[in-house]
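Step one of this worksheet: look at the structure below.
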Amino acid sequence: MKELSIYELNQRQQYMMQMRPLLKKHALFSDGTKDYRSPAEPKENEQVTLRFRTAKDNVDIVRLWSNGQKFVMEKSESEGEFDYYQVTIQLGTENFSYYFEVVTGMLHCYYDRMGVSQQVRPEYNFIIVPGFSTPDWAKGAVMYQILVDRFYNGDPSNDVKTNEYHYIGIYSQEVDSWNKFPASFGVGEFYGGDLAGVMQKMDYLQELGVEVIYFNPLFVSPSNHKYDIQDYDYIDPHYGVIVEDGGEVLPQGETDNSKATKYIKRVTDYKNLEASNQLFAQLVEEAHKRGMKVILDGVFNHCGSFNKWLDRELIYEKELGYATGAYISADSPYRNFFHFYDEGQWPYNGTYDGWWGHDTLPKLNYEGSRDLYDYIMEIARKWVSPPYNADGWRLDVAADLGHSVEYNHQFWRDFRKNVKEANPNAVILAEHYGDPVDWLRGDQWDTVMNYDAFMEPLTWFLTGMEKHSDGYRQDMLGNYQNFEGAMNYYMTRFLTPSLQCAMNELSNHDHSRFLTRTNHKVGRVDNLGSGAAAQDVNKGVMKEAVVVQMTWPGAPTLYYGDEVGVCGFTDPDNRRTYPWGAEDRELLDFHKEMIRIHKENEAFRTGSLKLLGGDYQMMCYGRFNREQQFVIVLNNDEVQRSMKVSVWAAGLNKETKLEQIMYTTRDAHSVAPVIYEVHGGYLNISLPAHSSVVLKNIG
């Protein structure tokens, strides 16, 4: 056979390409949802069927590759514009990593979690961890975060009193005006919110559509935020029930908390502590009756200087039923719960290790104390077990725990084992900044608070603001390419079961309120003043953000008051009270509608995501499964914009109709049905300034 010249080879290739359709890369798709992986969360040693989508009659071969081994996939189905290929794999106990190869004529490409590629990219392979699953109730669950002191005062008898104790240079203060803005340093300000208040507002939460209540810390502690735990065994009676009261507040000028007899009585009397725990159990029971779950905040990296194990403030020194604290004596049973730098300083040894050097936040010394480890593991089990039956833990600064990375990972493996043994349906989600992949391998956390793959990219695109309102970048505002790249990349850092229950927040207790970010004011309350947080805000942008929040993969999580227009710069200004009686009713009604839309459509909980395109200040994406298809379009510009976008890759026919189920503008929203037509796979749409639309495929 004669050797063909380069010219002849080129001619032959061109002829072959003309004889067949061009590869439609836009149609290529697979992910870890149940439409493309069955079962979606396979067990060890189970068979799993993996699927891949192409355009109809468009490719010759689809192969699945794993660890150098190839599996030829068979065409199993054709529907609408698409063909579906599948292969069944026998799993073992080890992780199964894979990608796809697509061949058409002399063309071929690869498909991984980042999409179509000309090269194999192992770092973006799909991964199955046999036996790993997240609770079904958490997937796409509508969560509601409550900082209890600022939500509702249901029992004034348990309110913290002015001068009840002294902490970080200030006396506790009972705030007498619910509408007062938080002080710039207000760790000791208390507005009186409590668990009784939450129970009295259960109807409100249910009508809003809340499925999960996430509480900031509830355990005994001296601050209003309670990330400085005093006693992990009990709910703070100031949030719970004070059965036995008495004692005196501190006189002005006195800072010795051993004389704060009213505080000591309230937080050490076991009648108060047991009654408060019982109230929490009742709250969880009531939530469960209403179909809601409850997540607790676990602060296990550090505790507080008031903690009974340390007792720096001498709260427990003279109280019956409490062992001597490690600060007081080297003979304390809690001596090794903390690391002391100077062994010669007892009694009253203040040389303990504090988290980031803060002596009010003693770092827990797990490596030095098996007893501490056992105690915290028991706490992990206790609160997700009867009679309390909490449904999971949110873990504060979880990556900081321990004195080494190796110990950190082992601790969370053990923590997971204990929690899941006590309550197999409990969720474990962690606060984490940066790449979480080392903790999301199926053996430690279920998921994280989703900063990288939700809050930050969306905030930059819609507002151009840093999440604390500490900076503004014009080049990030409306930058679709940046949004697309960040979302695509950071979502690859999650296993699919983790992504589906990631906590997708717009605001929380650590960052400025999202509505405030829409005003582009850079700074904090100290230099701008509290009033500036609500000036020049843009409700249209806020509604765009909520539309994305309720239609994006993950668990949409509202920070109390966001739904009614609460503003605020970063901590502590973001911890304003819920404005009962002064709510933004339009914003509240909009949230109720978007939550309803989210809950009624399974595609928003566990469906696939496809970014369909965008431009400066505009974006379009699809959420879909085999039964439902949605197209979401945003115009974040200050003027009306039009867009022609190819939408058929979201599982649509090229000739179809879309029905509007939500439409938002700066001043209003509507669920009135409006029909849009798709021709040749393209949607032509025009939207006014700062608006969004959710469209449902109706065929």
Side-chain angles (χ1 to χ4, degrees), residues 164-172 187-188 217 219-223 226-234 236 247-248 250 253-270 273 299-379 396-397 400-404 407-408 411:
E164 192 171 320
Y165 54 94
H166 189 265
Y167 184 49
I168 317 183
I170 61 173
Y171 292 100
S172 62
V187 68
F219 304 120
V220 182
S221 72
S223 67
K226 300 201 177 300
Y227 283 95
D228 40 10
I229 305 298
Q230 183 172 328
D231 189 340
Y232 291 90
D233 286 295
Y234 295 102
D236 195 318
E248 303 296 329
L250 291 172
E254 179 61 71
T255 61
D256 181 357
N257 281 317
S258 69
K259 300 176 182 177
T261 54
K262 188 174 192 67
Y263 181 73
I264 292 172
K265 178 67 174 177
R266 287 178 154 195
V267 300
T268 67
D269 191 302
Y270 282 108
L273 298 171
V299 189
F300 301 126
N301 167 67
H302 56 270
C303 60
S305 57
F306 278 57
N307 189 278
K308 65 183 179 183
W309 301 331
L310 185 70
D311 202 16
R312 170 72 181 256
E313 300 297 321
L314 311 182
I315 302 296
Y316 299 92
E317 186 178 25
K318 298 177 182 178
E319 298 305 305
L320 296 176
Y322 293 93
T324 302
Y327 168 78
I328 296 170
S329 172
D331 295 327
S332 167
Y334 311 124
R335 157 72 187 82
N336 293 326
F337 283 27
F338 310 93
H339 173 70
F340 291 88
Y341 293 106
D342 189 340
E343 299 285 343
Q345 290 295 312
W346 278 287
Y348 310 121
N349 188 343
T351 69
Y352 54 86
D353 182 22
W355 183 55
W356 285 63
H358 296 293
D359 64 357
T360 57
L361 300 174
K363 186 164 177 60
L364 293 170
N365 183 35
Y366 292 98
E367 289 94 330
S369 175
R370 179 69 189 191
D371 288 342
L372 170 62
Y373 165 93
D374 290 340
Y375 202 126
I376 293 298
M377 291 301 164
E378 182 54 38
I379 291 295
D396 186 59
V397 292
D400 284 7
L401 184 139
H403 296 292
S404 69
Y407 186 85
N408 181 283
F411 180 93

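Computed from a predicted model, the values in this text were never measured in an experiment.
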Sequence-distant partners of E164, salt bridge (charged side-chain N to carboxylate O under 4.0 Å, His left out), two or more places apart | R266
If you take all heavy atoms of [X] and [Y], which pair is closest and at what distance?
X	Y	answer
S221	I229	CB-CA, 4.0 Å
G188	I170	N-CD1, 3.6 Å
S258	I264	O-CD1, 3.7 Å
N301	G402	OD1-N, 4.4 Å
P362	S305	CD-N, 3.5 Å

Near Q345 CD, under 6.0 Å, is it more than 12 heavy atoms from other residues, nucleotides or ligands?
->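 Enclosed: over 12 neighbouring heavy atoms sit under 6.0 Å from CD of Q345.
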Counting heavy atoms not belonging to K259, are there more than 12 under 6.0 Å from its NZ?
->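 For K259, atom NZ is not crowded (no more than 12 foreign heavy atoms under 6.0 Å).
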What pairs of residues pass the salt bridge (Lys or Arg N to Asp or Glu O under 4.0 Å) test when at least one of them lies in [range], not counting sequence neighbours?
range	value
residues 321-341	R335-E343
residues 317-329	none
residues 348-359	none
residues 361-371	R370-D374

For the side-chain contact (heavy atoms from CB on, under 4.5 Å) test, which of Y316, F219, W309 pairs with Q230?
->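 Only match with Q230 under side-chain contact (heavy atoms from CB on, under 4.5 Å): Y316.
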To the nearest 0.5 Å, what is the distance between [atom1] ([X]) and [atom2] ([Y])?
X	Y	atom1	atom2	answer
S332	N349	OG	CG	11.5 Å
T268	Y263	OG1	OH	9.5 Å
F340	T351	CZ	OG1	6.5 Å
Y366	N408	OH	CG	10.5 Å
L401	H302	CG	NE2	10.5 Å
Y167	D228	OH	CG	3.5 Å

Between [Y] and [X], is there a side-chain heavy-atom distance shorter than 4.5 Å?
X	Y	result
D400	W356	yes
Y227	V397	no
V267	Y234	no

Is the ring pair [X]/[Y] parallel, tilted or perpendicular, if the boundaries are 30 and 60 degrees?
X	Y	result
Y322	Y270	parallel
Y407	F411	tilted
Y348	Y327	tilted

Any chance you could lay out the ring pair (Phe, Tyr, Trp, His ring centres under 6.0 Å) test for F300 and Y375, step after step, and finish with the verdict?
-> CA-CA 11 Å; F300 301 126; Y375 202 126; over 10 Å; no
Could you please spell out the steps behind the side chain to side chain contact (heavy atoms under 4.5 Å, CB included) verdict for T255 and Y171?
-> CA-CA 8 Å; T255 61; Y171 292 100; 4.0 Å; yes
Test side chain to side chain contact (heavy atoms under 4.5 Å, CB included) applied to Y165 and I315, step by step = CA-CA 10 Å; Y165 54 94; I315 302 296; over 6 Å; no
List for me each residue that meets side chain to side chain donor-acceptor pair (under 3.5 Å) alongside K226, sequence neighbours excluded, and say none if there are none.
->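 In terms of side chain to side chain donor-acceptor pair (under 3.5 Å), with neighbours along the sequence ignored, K226 is linked to D236.
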Quick check: does any side chain N or O of T261 sit under 3.5 Å from a backbone N or O of E248, one acting as donor and the other as acceptor?
->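 Judged by distance alone, yes, a pair lies under 3.5 Å.
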Just do the side chain to side chain contact (heavy atoms under 4.5 Å, CB included) check on N336 and L372 with the steps written out, would you?
-> CA-CA 8 Å; N336 293 326; L372 170 62; over 6 Å; no
Side chain to side chain contact (heavy atoms under 4.5 Å, CB included) between L250 and N257: does it pass, once the steps are laid out?
-> CA-CA 8 Å; L250 291 172; N257 281 317; 3.7 Å; yes
